[in-house]
K.L.:
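To start, I am sharing the structure in question, which I have written as structure tokens.
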Amino acid sequence: MMLLIPGPVQTDPRVKAAMAQDIAPWDNDTRPRYAAMRERVRAIAGGLAGTHVCLPLQGCGHFIVEAALRSFVPPGGKVLIPSNGNYGVRMTRLAREAGRLPVVIEIPEGQIVTAEAVAKALAADTAIGVVSVVHSETATALINPIEAIAAAVRAAGRRLIVDAVSGFGAIPFDLAAHPETDAIVFSSNKCLEAMPGIGFAVARIDRLEACAGNAGSWSFDLSDIYRHALTHGWGSIRFTPAIQALAAFEVALDIFEHEGGQPARLARYTENARVLWDGLVGLGLTPWLPRDRQGPIIVNMLQPRDPAWELQRFVDLLKRRGFLISNFSTTAVPTFRVAAIGRVFPEDMVRAVVAIGETLAEMGVRKREAA
Ligand SMILES: *Cc1c(COP(=O)(O)O)cnc(C)c1O
């Protein structure tokens, strides 16, 4: 079975195999490897030694987004969230339930967050200290123009948190060029092609020190993870980690580096998405986004209008042909999505398009244009 979902993604057999062992996290063989992994991840983010640190946290992407909001937005503090999809909505709820005050810029799905909108909102409310934005909006496939947004935040003298969960490792963001950014957050199981179980923040040391005590949660306190490293060493892990997922992550990093790092991964995913887009359009389906806004992470197609169409049935029949896609729509207008990320290659995408065509034919879906 090949997973074509935007996380957890299809992984290399070597990544899976690395899980099949028992490991003590505090063991002297484990500690240097864990410390080295943190340095490698910091480097992928463009983090500078002495300025930035890599802070792993047990759990999923959602948890590390919460940890960043809690750690860098003070309790009761205002955080600007430009929202143009599901993950912006989630971020807003996370901030509110953590007792922060989200100030939301509502942007229609399918339209990008503009630097102008961010600058205007910051000028209108000087009490907003932090902007938190989704880089790759996984619900819609849209990539927000993070460089321009970050420049607007920097010009306004505010701080930035970047949710890069679905793009990190493929879509570049260079922390060295972003002094306004407190943290970039992501997880092990999307473009880094490892197992789920670990969230990561690469964060500024000065801000971790300045914001210590903000979190109101021991578990989700990034400054506490930093302090733990200072006290116990960078190879020490605070609380029990998903240690097998960490072992797999190390192998996934080897594969990432061997492939050619971020540029190579972006090139492969871009080609995957192009093959999917062209192939699905060739089957008569209608893409949800215009081509110039289509990102390389997933491809969303409008669900066909034909009465023979039913998403769950489509997913089940496609699964019999070896490909598993999401069985839900993540956009207001019903769509289905096929991910271009994971250990999958353009030739796999060609096979997936063939399988989708066969499945539509088997279902008798003839009217394939927009629902
Ligand atoms: C996947 C994702 C998350 C949440 O990650 P989980 O591991 O599913 O909790 C957050 N933000 C974005 C942009 C994502 O794509």
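As the structure lists them, so they are numbered: ligands from 1, and atoms in each ligand from 1. Please read these numbers as outputs of a predicted model, since none were measured by experiment. The figures here come from the full heavy-atom set of this structure, side chains too, leaving out hydrogens, waters and symmetry mates.
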K.L.:
Any Lys/Arg nitrogen of R268 or E271 sitting under 4.0 Å from an Asp/Glu carboxylate oxygen of the other?
P.N.:
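No.
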K.L.:
Going by the atom numbers of ligand 1, which of them fall below 4.0 Å from some non-hydrogen atom of S136?
P.N.:
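In order of number, 13 (C).
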K.L.:
Check R33 with D27, please: is the shortest side-chain N to carboxylate O separation under 4.0 Å?
P.N.:
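Between R33 and D27 there is no salt bridge, as every charged N stays at least 4.0 Å from the carboxylate O atoms.
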K.L.:
Polar contacts were defined as any N/O atom of the residue lying under 3.5 Å from an N/O atom of the ligand; does this apply to D163 and ligand 1?
P.N.:
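Looking only at distances, the answer is yes, because the N/O contact criterion of under 3.5 Å is met.
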K.L.:
H62 heavy atoms, cut-off 4.0 Å: which ligand 1 atoms fall inside?
P.N.:
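Taking each heavy atom of H62 in turn, ligand 1 has 4 (C), 5 (O), 6 (P), 9 (O) under 4.0 Å.
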K.L.:
For ligand 1, which atoms, with element, lie under 4.0 Å from some heavy atom of S166?
P.N.:
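Selected atoms, number and element: 15 (O).
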K.L.:
S187 to ligand 1: N or O pair under 3.5 Å?
P.N.:
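No, since none of the N or O atoms of S187 sits under 3.5 Å from an N or O of ligand 1.
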K.L.:
How close does the nearest protein non-hydrogen atom get to atom 3 (C) of ligand 1, and which residue and atom is it?
P.N.:
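Result for atom 3 (C) of ligand 1: Y87 CE2, 3.4 Å.
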K.L.:
When you measure from atom 7 (O) of ligand 1 to each heavy atom in G61, C191, G85, G199, which option holds the nearest one?
P.N.:
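Answer by nearest heavy atom: G61.
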K.L.:
Taking only Lys NZ, Arg NE, NH1 and NH2, and the carboxylate oxygens of Asp or Glu, determine whether R343 and D348 approach each other closer than 4.0 Å.
P.N.:
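Here R343 does not pair with D348 in a salt bridge, since their nearest N and O are not under 4.0 Å apart.
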K.L.:
Please determine whether residues F200 and F256 belong to a single hydrophobic cluster, defined as Ile, Leu, Val, Met, Phe, Trp and Tyr linked transitively by side-chain heavy-atom distances below 4.5 Å.
P.N.:
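Yes, same cluster.
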K.L.:
Going by the atom numbers of ligand 1, which of them fall below 4.0 Å from some non-hydrogen atom of V165?
P.N.:
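Those atoms are 1 (C), 2 (C), 3 (C), 5 (O), 10 (C), 11 (N), 12 (C), 14 (C).
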K.L.:
Can V130 be reached from L222 by stepping across I, L, V, M, F, W or Y side chains whose heavy atoms are under 4.5 Å apart?
P.N.:
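Same cluster.
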K.L.:
Are L360 and L280 connected into the same hydrophobic cluster when the rule is that any two of I, L, V, M, F, W, Y join if their side-chain heavy atoms are below 4.5 Å apart?
P.N.:
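Per the 4.5 Å side-chain linkage, L280 and L360 are co-clustered.
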K.L.:
Ring centroid separation for F186 and F173, is it under 6.0 angstrom?
P.N.:
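No, ring centres 6.0 Å or more apart.
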K.L.:
At the 4.0 Å heavy-atom cut-off, does K190 count as touching ligand 1?
P.N.:
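Yes, K190 has a heavy atom closer than 4.0 Å to ligand 1.
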K.L.:
I'd like to check which ligand 1 atoms, numbered from 1 as shown, lie under 4.0 Å from a non-hydrogen atom of V134.
P.N.:
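What qualifies from ligand 1 is 13 (C).
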K.L.:
Is the shortest side-chain N to carboxylate O distance from D316 to R313 below 4.0 Å?
P.N.:
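No salt bridge links D316 with R313.
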K.L.:
For atom 9 (O) of ligand 1, is the nearest protein heavy atom closer than 4.0 Å?
P.N.:
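Yes, because at least one protein heavy atom sits under 4.0 Å from atom 9 (O) of ligand 1.
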K.L.:
Given I298, T138, I64, N86, which one has a non-hydrogen atom that is nearest to atom 13 (C) of ligand 1?
P.N.:
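The nearest heavy atom belongs to T138.
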